[in-house]
Visitor: 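I'd like to ask you about the structure that follows.
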Amino acid sequence: MEMQYLQGFGNYLQSEAEPNVLIPGHNSPQKVPLGLYAEQISGTAFAMPRVNNLHSWVYRILPSVMHGDFKNFSHPKLLGTPFDGMTPPTQMRWGPPPYPKKPTHFVGGLMTMAGNGRIDLHCGGALHLYAINQSMQDEFFYNADGDFLIVPQEGDLIFKTEFGILEVVPGEIIVIPRGIKYQVILKQENARGYICENFGAPFRLPDLGIIGANGLANPRDFQIPVANYEQRKGNFTLIGKFQGHLWSAPIDHSPLNIVAWHGNYTPYKYNLNLFNTIASVSFDHIDPSIFTVLTSPSTTLGVANIDFVIFPSRWIVADNTFRPPYFHRNIMSEYMGLITGKYDAKEEGFVPGGSSLHNSMTAHGPDAEAYEKAVNQSLQPEYYAGTLAFMFESCYVWRVTQQALTAKFREADYLDCWKGLRWNFKYTHRE
Ligand code: FE2
């Protein structure tokens, strides 16, 4: 059974795959039952205020120090900071990435689209796509650089993690916090999706202010795994991502060997269909911050290092209102993806698996077709069904990578979608 996850609210949970491993009151007993080793994993500084303090105690067959020397290996498509390439202010859009022809597992199938900030200063993030056709079997992965917020778009996945197993399907997300080891197993032939790697403060639920105690993503709908250990021995590889590079070390046992744990630093998943959408019931739009699922705050109050925002199926009822997302330019930088269905500012052209990038102060908005439809439609309450788009929004400019700029699946003609917007105004002489 999966349990609820209450990140950022001071709740500490526990799970045992074997009975009586956890000893009340003692995190690090002189002898752990069953000959296990105690280890603490801290996701925040020790002295972080309690409300945001993330840490877990784990009781495992062998401690995590038991592996060989790390050796660097290259992964030409996975990039880290500094993201310092020339980024044009042009609006950009990509189709879905192609699936690989050669056997490719989750780590091998990563491709970095953009990034910002600094890994070593714990600021900013990176945006990756994954397109894979192979499960991880003898490889185990962890990322010391940041959390992975993974948004599957096609293909169900099984995440075997140190804390237990989580299955994720398109429409759900999973967050694997910094440092946690795992494998990704395919349930179908192929899988692809989006990843936001967060170098900054861990994702948390946004505060609700005068919305009150309920709404948006509710804490009770976040799920975490239960303890589930392996006793596998063999010639395995531990892959670490550290300072933007990949490292491999031999390991002679599965590191998924935690028999019991307690704490609040674990992987978690969330079904985006459970997001309680809030919007205007009179006229006009509320700012899209109301669609925030998770936020990684920066050090400036109200400014996000990264926000994860979704545009799900919802009633659209605003009266005398231009209903699609309006034309705008803003300080934040927006990378969008489409999980399923259509996006109401661009009903054609922006396809599931595709993505778009509108950086700071780059103008964007509905395409000509969506504009014409919106200004002429009769405004009845409308259920916008079967859609799920999302955005990774940062206060730092997303510096696009050279491989994303020149990718075959980039749409060279994206700007044409606004070409049909007509000059309707007719000059009127006024004295
Ligand atoms: Fe926008």
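One-based numbering, in listed order, for ligands and for the atoms of each.
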Visitor: Does this structure show an ion pair linking Lys419 with Asp367, if we count only N-O contacts that are shorter than 4.0 Å?
Guide: no
Visitor: Nearest N/O/S atom of Glu334 with respect to the Fe ion (ligand 1), by atom name, please.
Guide: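 Nearest N/O/S atom: OE1.
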Visitor: Kindly give the atom name of the N, O or S atom of His328 closest to the Fe ion (ligand 1).
Guide: NE2
Visitor: Quick one: does NZ or CZ of Arg232 land under 6.0 Å from the six-membered ring centre of Phe236, within 45 degrees of the ring axis?
Guide: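 Yes, a cation-pi geometry holds between Arg232 and Phe236.
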Visitor: Tyr194 vs His128, test: side-chain hydrogen bond (donor to acceptor under 3.5 Å, both in side chains). Steps then yes/no.
Guide: CA-CA 6 Å; Tyr194 311 84; His128 314 285; over 6 Å; no
Visitor: What N/O/S atom of His364 is the closest to the Fe ion (ligand 1)?
Guide: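 Among the N, O or S atoms of His364, the one closest to the Fe ion (ligand 1) is NE2.
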Visitor: For Glu167, is there an ion pair with Lys187 - N to carboxylate O distance below 4.0 angstrom?
Guide: yes
